[in-house]
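Data block below; observations after.
Side-chain atoms are counted along with the backbone in the values below, which use heavy atoms only and exclude waters and symmetry mates. The structure presented is a predicted model; accordingly, all values stated were derived computationally and were not measured. Starting from 1, each residue takes its place in the sequence as its number.
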Amino acid sequence: SRRRHTRYPLVTGVQTCALPILAGNISAGDDFGWSVDISGDYAVVGAPGADSQGADSGAAYVFVRTGTNWTQQAILTHIGIGAGDRFGTSVAISGNTVVVGAPGTDSNGSDSGAAYIFVRSGTSWTYTTPLTPSNYPAGGLFGHDVDIDGGSIVASSIESAVGPGSVFVFTYSAPLWSQQGAPIVLLDNTSNPIGNTGDDFGYSVAISGDKIVVGAPSADIMSINDGAVEFFERSAGVWSLSDIYTVSTAVGGENLGHSVAISGNAAIVGLPGSSGGAGGVAVYRYSGSAWSAEQDFGGINLSEVGNSVSISGDFFVVGAWKYNGGNETGVAFLYNKIGNWSLVGTLVGGDTVLGDRFGVNTALDGYTAVVGAYLERTSGAGGNTNRSGAAYPFFFYTTTAGGVQLSGHVKTPQGKGLRNASVIITDSRGERQVVKTSLMGNFLFPNLKAGEPYVLSIRSKRYRYQDRLLTLTEDLSDLELLP
């Protein structure tokens, strides 16, 4: 389900999203942005702390993109959820299908968990069926993580209190989703089951075609909580262990497998506890018969780089939710493979502040990323300043030939950046594009038509700005706008 676009110049360097995706009814403690995923022009965002049907019952939201604007299309819930179910802890989308995990649900005993399927027809999303695994005991927390690729879903039951964890695969044969094979469990290199209660096998899962990657970040392999990651491959409907990777120089607490992502023959695995919480990521490559380590990247002091990862084609995104000296403002990093993997961009929220945890989760499809910040507090719906959460979209390429980019800064008479001002571009047909300035007054229009005359306007409650007529033949950056 990975979409490709015609290639035009890559947006590199620091990329700031000034206009986050927000739900219309979120409030403090909803954890909106705890989980995110994207497929084409549709994004789904989980809010497991929402009180839709009781305290922390949870909800998920679907958004659709038109041009560069994201609008809310649906709120997903289920009549059977209740207080503490945390519906939306995990979300995944592929085409017209969304799967939502609710690990706190008591469907098969206390905290046994559940996962639910929703399908889109036109602009409407409808609940269709729950996923029912063969064995998910009380305390199993089924639905802790989910992923979907076409007609295959992988969902985990981490069993943190009752076992090492297990993973289930479901396949679609109209009109039903059914479990494929036995549960996948933590194995040694001779395919014998191993593990102990609390290994969190399945804490993170990802699927691409006939390949699955599973993280067990709390497993004690070489040291305490150094973690492990296991790769499985499907042949004739049977899943078998392909490879196992651990931390070769473990000292403890690396948490390898805290996050995983896979696209084709490449996989990204986070180890956010490495180097005393600096974190890092490891890249693995499938050669046709086995997985091998390709590259690895270190972290940043106290940032937990690798707490989230996502990959699509030749790009991957890494979240670091504790970035800023451990003060949890958060950041995400964009890597591109041209020969080797290289860091090409830094993704930041235009209005994030200390404690927002930007980067708690990331999603990537083609050249669009979505980054969650579940404790974001400066852009809540209706101007709220509570910690309701947000999600931030980023796009890495222009999409039409002859496109040009306009960026700049809106300032006060004293020369300081003016946040939350409306910057409006109007073309000769009267069509408008509107963005909000970031915390520092920055704005960006990534894809304007070269040679087209535009009227640039600024709207602010405190200051008046003179309209400007612009005709761009090339990118224009650092345009300063004063009253």
Report task. Salt-bridge test for D210 and R234: reply yes if a basic N is under 4.0 Å from a carboxylate O, no otherwise. Result -> yes
Query raised in the report: Which heavy-atom pair separates G33 from V45 by the least distance, and what is that distance?
Result: N-CG1, 3.4 Å
Query raised in the report: Using 4.0 Å as the upper bound for N to carboxylate O, is an ion pair formed by R387 and D356?
Result: yes
Query raised in the report: Does the side chain of F32 reach to within under 4.5 Å of the side chain of P48, using non-hydrogen atoms?
Result: no
Query raised in the report: Do we see a donor-acceptor contact under 3.5 Å between the side chains of W125 and Q73?
Result: yes
**Report entry** Any donor-acceptor N/O pair, S157 side chain to G140 backbone, under 3.5 Å
**Finding:** yes
Query raised in the report: Strictly by modelled atom types, are S152 and T171 linked by a side-chain donor-acceptor pair under 3.5 Å?
Result: no
Query raised in the report: Can you find a pair of side-chain heavy atoms, one from V185 and one from V167, that are under 4.5 Å apart?
Result: no
Report task. Kindly indicate whether the side chain of Y203, heavy atoms from C-beta on, has any atom under 4.5 Å from the side chain of D145. Result -> no
Query raised in the report: Hey, would you say the F315 and Y367 ring centroids sit under 6.0 Å apart?
Result: yes
**Report entry** Side chains of L186 and D199 in contact at under 4.5 Å (non-hydrogen atoms)
**Finding:** yes
Report task. Output, in order, the C-alpha distance, side-chain angles, deciding distance and verdict of salt bridge (Lys or Arg N to Asp or Glu O under 4.0 Å) for D314 and K337. Result -> CA-CA 5 Å; D314 294 333; K337 184 174 177 61; over 6 Å; no
**Report entry** Centroid separation Y136 to F168 less than 6.0 Å
**Finding:** no
Query raised in the report: What about Y116 and F87, are their ring centers closer than 6.0 Å?
Result: yes
Report task. Measure from the side-chain N and O atoms of D365 to the backbone N and O of G40, and report whether any donor-acceptor pair falls under 3.5 Å. Result -> yes
Requested in this report: Kindly assign one of parallel, tilted or perpendicular to the pair Y284 and Y245, based on the angle between their ring planes and the thresholds 30° and 60°.
Outcome: tilted
Query raised in the report: Which pair of heavy atoms, one from D188 and one from L241, lies closest together, and at what distance?
Result: O-CD2, 3.3 Å
Query raised in the report: For Y323, does the OH atom sit with more than 12 other heavy atoms under 6.0 Å from it, leaving out its own atoms?
Result: no
Requested in this report: Please report the C-alpha distance between D85 and D56 in whole Å, then the side-chain angles of each, then the deciding distance to 0.1 Å, and finally whether the side chain to side chain contact (heavy atoms under 4.5 Å, CB included) criterion is met.
Outcome: CA-CA 7 Å; D85 286 357; D56 294 337; over 6 Å; no
Query raised in the report: Do other residues, nucleotides or ligands put more than 12 heavy atoms under 6.0 Å from I224 CD1?
Result: no
Query raised in the report: Got a donor-acceptor contact below 3.5 angstrom from the S287 side chain to the A290 backbone?
Result: yes
Report task. Write down the atom of V247, the atom of M222, and the distance for their closest heavy-atom approach. Result -> O-CG, 3.8 Å
Query raised in the report: Does one side chain, of Y335 or N340, offer a donor that lies under 3.5 Å from an acceptor on the other?
Result: no
Report task. Output yes when a side-chain donor or acceptor of E233 lies under 3.5 Å from a complementary backbone atom of I212, and no otherwise. Result -> no
Query raised in the report: Which of these passes salt bridge (Lys or Arg N to Asp or Glu O under 4.0 Å) with R86: D51, D106, D30, D31?
Result: D31
Report summary line: Heavy-atom nearest pair, F142 first then L131, reads CE2-O, 3.7 Å
Query raised in the report: Donor-acceptor pair, S388 side chain versus A28 backbone, under 3.5 Å?
Result: no
Query raised in the report: Can you check whether G313's main-chain N or O pairs, donor with acceptor, with S263's side chain at less than 3.5 Å?
Result: yes
Requested in this report: Verify the distance criterion only: is there a donor paired with an acceptor across the side chains of T190 and N192 at less than 3.5 Å?
Outcome: yes
Report task. Locate the shortest heavy-atom distance separating I221 from D226; write the atom from each residue and the value. Result -> N-OD1, 2.9 Å
Query raised in the report: Just wondering, do T368 and F394 contact through their side chains at under 4.5 Å, heavy atoms?
Result: no
Query - Test log, rule side chain to side chain contact (heavy atoms under 4.5 Å, CB included), inputs F118 and V62 - result: CA-CA 11 Å; F118 298 81; V62 178; over 6 Å; no
Query raised in the report: Side chains of S166 and E159: donor-acceptor distance under 3.5 Å anywhere?
Result: yes
Query raised in the report: Do I26 and Y61 have side chains that get closer than 4.5 Å, going by heavy atoms?
Result: yes
Query - Salt-bridge present (R357, E304; N to O < 4.0 Å) - result: no
Query raised in the report: Parallel, tilted or perpendicular: which fits the ring planes of W291 and F231, with parallel below 30° and perpendicular above 60°?
Result: parallel
Query raised in the report: Do Q179 and S134 have side-chain atoms, one donor and one acceptor, less than 3.5 Å apart?
Result: yes
Query raised in the report: Going by heavy atoms in the side chains, are E294 and W341 under 4.5 Å from each other?
Result: yes
